[in-house]
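Owing to the predicted nature of the structure, the values given are computational and were not obtained by experimental measurement.
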Amino acid sequence: MSAEQPATIRTRRLAGELRRLREVTGLTGDQAAKQLGWDPSKLSRYETARRRVQSKDLQALLDLYAVPDGKRQALVDLARNSRFKGWWDAYGDTLPTELAAYIALEAEATSIRGFSAQIVPGMLQTDEYARSVIRAGLMDLVPRGEIERRVEARKTRQRLLGRESSPLDYWIILSEAALRNRVGSPEDMRTQCHHLMKLSRTANVTIQVLPFVSGAHPATAGTFSILSFPAHYDDDVVYVETLTSNLWVEDERDVHRYTLAFDHLRVTAYEVEESLSFIAAVADEL
């Protein structure tokens with residue numbers, strides 16, 4: 001696990017292409033670095049997307065690998081696009097850096113699978129529910145205006161679920177605690193439950209409930225999200241949020257453990273229709 005922010009998908013894609021080009025050329029990392037007069041660690045950071053490739057260094061690599069003009073321009077464009085800012089940069093004065101990094105990856109993901117232990121996740125929150133969660137998390141230490149900007153940013157994130165081109169495939173397993181915890185007023189909670197039921201009827205959103213009676217399970221440590229991306233060389237990334245920091249899990253073996261945990265939870269949790277009935281019952285109790 002690492003607190004270090006993962007690279008954007010475009011940066012990772014470029015890194016994968018540079019690594020593939022070197023391998024096709026028949027050069028080892030040490031050999032390529034020596035020919036360029038670089039420290040091998042510099043090339044390694046470029047090929048693992050730990051460092052964004054500088055323009056002059058990209059040109060040097062493309063020259064070394066004798067990349068033809070058509071392919072060269074595509075890679076130059078990819079590098080240039082990796083520097084583009086997203087809508088979330090407009091909230092740079094409000095969103096924590098770690099959250100902005102997550103939103104950047106979220107915006108490029110094709111699917112997110114996850115487990116939420118205590119609250120309804122931001123992607124599914126109503127405005128009032130989000131407002132209460134944000135206010136509690138910030139412990140009333142910020143002006144009301146900043147809270148409203150964060151609510152606005154959360155609403156913008158939710159557009160991924162309804163975008164016309166390739167809407168985000170979102171599958172969340174909610175602990176019963178996430179439905180039982182009273183966030184805001186009883187009316188706010190009823191509205192939130194009804195919102196979950198509405199979203200669950202859409203083709204790209206799957207919501208399951210893990211009841212208390214399920215007992216111990218692999219995710220007792222807490223909430224996590226598994227982000228998947230379109231290209232075969234863009235590996236899954238796991239995001240784990242804590243009180244004081246956020247952790248990124250990128251090691252293939254660790255990501256696999258989270259995937260196994262999710263698979264266990266989805267089998268243990270109520271089926272979708274049963275989950276909907278459970279959410280409706282909770283709403284009726286409020």
Side-chain angles (χ1 to χ4, degrees), residues 5-12 81-82 84-138 142 144-174 178 183-184 188 191-207 222-230 234 236-242 245-249:
Q5 297 168 15
T8 66
I9 300 309
R10 293 182 182 90
T11 301
R12 296 168 76 195
N81 290 336
S82 72
F84 285 169
K85 292 184 177 182
W87 64 262
W88 48 88
D89 287 290
Y91 297 88
D93 59 336
T94 299
L95 297 176
T97 301
E98 292 173 328
L99 178 56
Y102 172 77
I103 292 173
L105 282 184
E106 180 183 73
E108 299 190 63
T110 54
S111 72
I112 296 178
R113 295 162 291 158
F115 170 70
S116 189
Q118 296 295 331
I119 63 170
V120 173
M123 190 63 73
L124 306 179
Q125 292 174 3
T126 63
D127 289 359
E128 286 302 322
Y129 188 100
R131 194 169 285 113
S132 295
V133 169
I134 293 169
R135 185 182 299 115
L138 296 175
V142 299
R144 176 182 177 85
E146 182 169 338
I147 293 175
E148 291 306 313
R149 278 177 58 77
R150 292 202 182 196
V151 172
E152 181 182 342
R154 196 157 297 193
K155 289 173 63 177
T156 304
R157 287 172 57 197
Q158 294 172 356
R159 294 176 186 172
L160 294 174
L161 297 178
R163 62 187 176 192
E164 293 184 5
S165 176
S166 303
L168 179 68
D169 186 9
Y170 193 81
W171 190 334
I172 188 70
I173 299 170
L174 298 173
V183 176
D188 292 342
T191 301
Q192 179 62 71
C193 286
H194 292 154
H195 185 59
L196 291 174
M197 294 163 64
K198 178 181 178 180
L199 287 173
S200 188
R201 296 298 186 186
T202 60
N204 57 304
V205 177
T206 302
I207 300 174
T223 298
F224 65 87
S225 298
I226 306 170
L227 290 79
S228 300
F229 306 99
D234 290 329
D236 291 357
V237 175
V238 177
Y239 178 74
V240 182
E241 188 172 355
T242 69
S245 65
N246 302 320
L247 301 175
W248 298 97
V249 183

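In terms of heavy atoms, Ile207 sits closest to Leu174 at CG2-CD1, 4.0 Å. Minimum heavy-atom separation, Arg163 to Leu160: NH1-CD2, 3.2 Å. Scanning all heavy atoms of the two residues, the minimum distance from Pro121 to Ile172 falls at CG-CG1, 3.9 Å. Shortest non-hydrogen contact noted between Ala109 and Phe229 is CA-CD2, 3.6 Å. Here the closest heavy-atom approach between residue Thr223 and residue Ser116 is recorded as OG1-CA, 3.6 Å. Pairing each heavy atom of Leu161 with each of Leu168, the nearest pair is CD2-O, 4.0 Å.
One finds the CG atom of Leu196 at 8.5 Å from the OH atom of Tyr129 (value rounded to the nearest 0.5 Å). In this structure, the separation between CG on Leu95 and CD on Glu146 is 9.0 Å, given to the nearest 0.5 Å.
Formation of a donor-acceptor pair under 3.5 Å by the Gln192 side chain with backbone atoms of Leu124 is found in this model. No side-chain donor-acceptor contact under 3.5 Å links Asp188 to the backbone of Val183. Side chain of Thr202 to backbone of Lys198: no donor-acceptor contact under 3.5 angstrom is found. Judged by distance alone, with hydrogens and angles left aside, the side-chain atoms of Arg154 form no donor-acceptor pair with the main-chain N or O of Arg157 at under 3.5 Å. No side-chain donor-acceptor contact under 3.5 Å links Tyr102 to the backbone of Tyr239. Of the possible donor and acceptor atoms, one in the side chain of Gln125 sits under 3.5 Å from a partner among the backbone N and O of Val120.
Tyr91 places none of its side-chain heavy atoms less than 4.5 Å from the side chain of Ile103.
A side chain to side chain donor-acceptor pair (under 3.5 Å) with Thr94 holds for exactly one of Arg149, Glu148, Arg150; it is Arg149.
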Glu128 and Arg131: salt bridge (Lys or Arg N to Asp or Glu O under 4.0 Å), yes or no, with the steps? CA-CA 5 Å; Glu128 286 302 322; Arg131 194 169 285 113; 2.8 Å; yes
How far apart are the C-alpha atoms of Arg113 and Asp236, what are their side-chain angles, what is the distance that settles it, and do they pass the side-chain contact (heavy atoms from CB on, under 4.5 Å) test? CA-CA 11 Å; Arg113 295 162 291 158; Asp236 291 357; 3.3 Å; yes
Chi angles and distances behind the side-chain contact (heavy atoms from CB on, under 4.5 Å) call for Tyr170, Leu199: CA-CA 10 Å; Tyr170 193 81; Leu199 287 173; over 6 Å; no
Step by step, would you call Val249 with Phe224 a side-chain contact (heavy atoms from CB on, under 4.5 Å)? CA-CA 10 Å; Val249 183; Phe224 65 87; over 6 Å; no
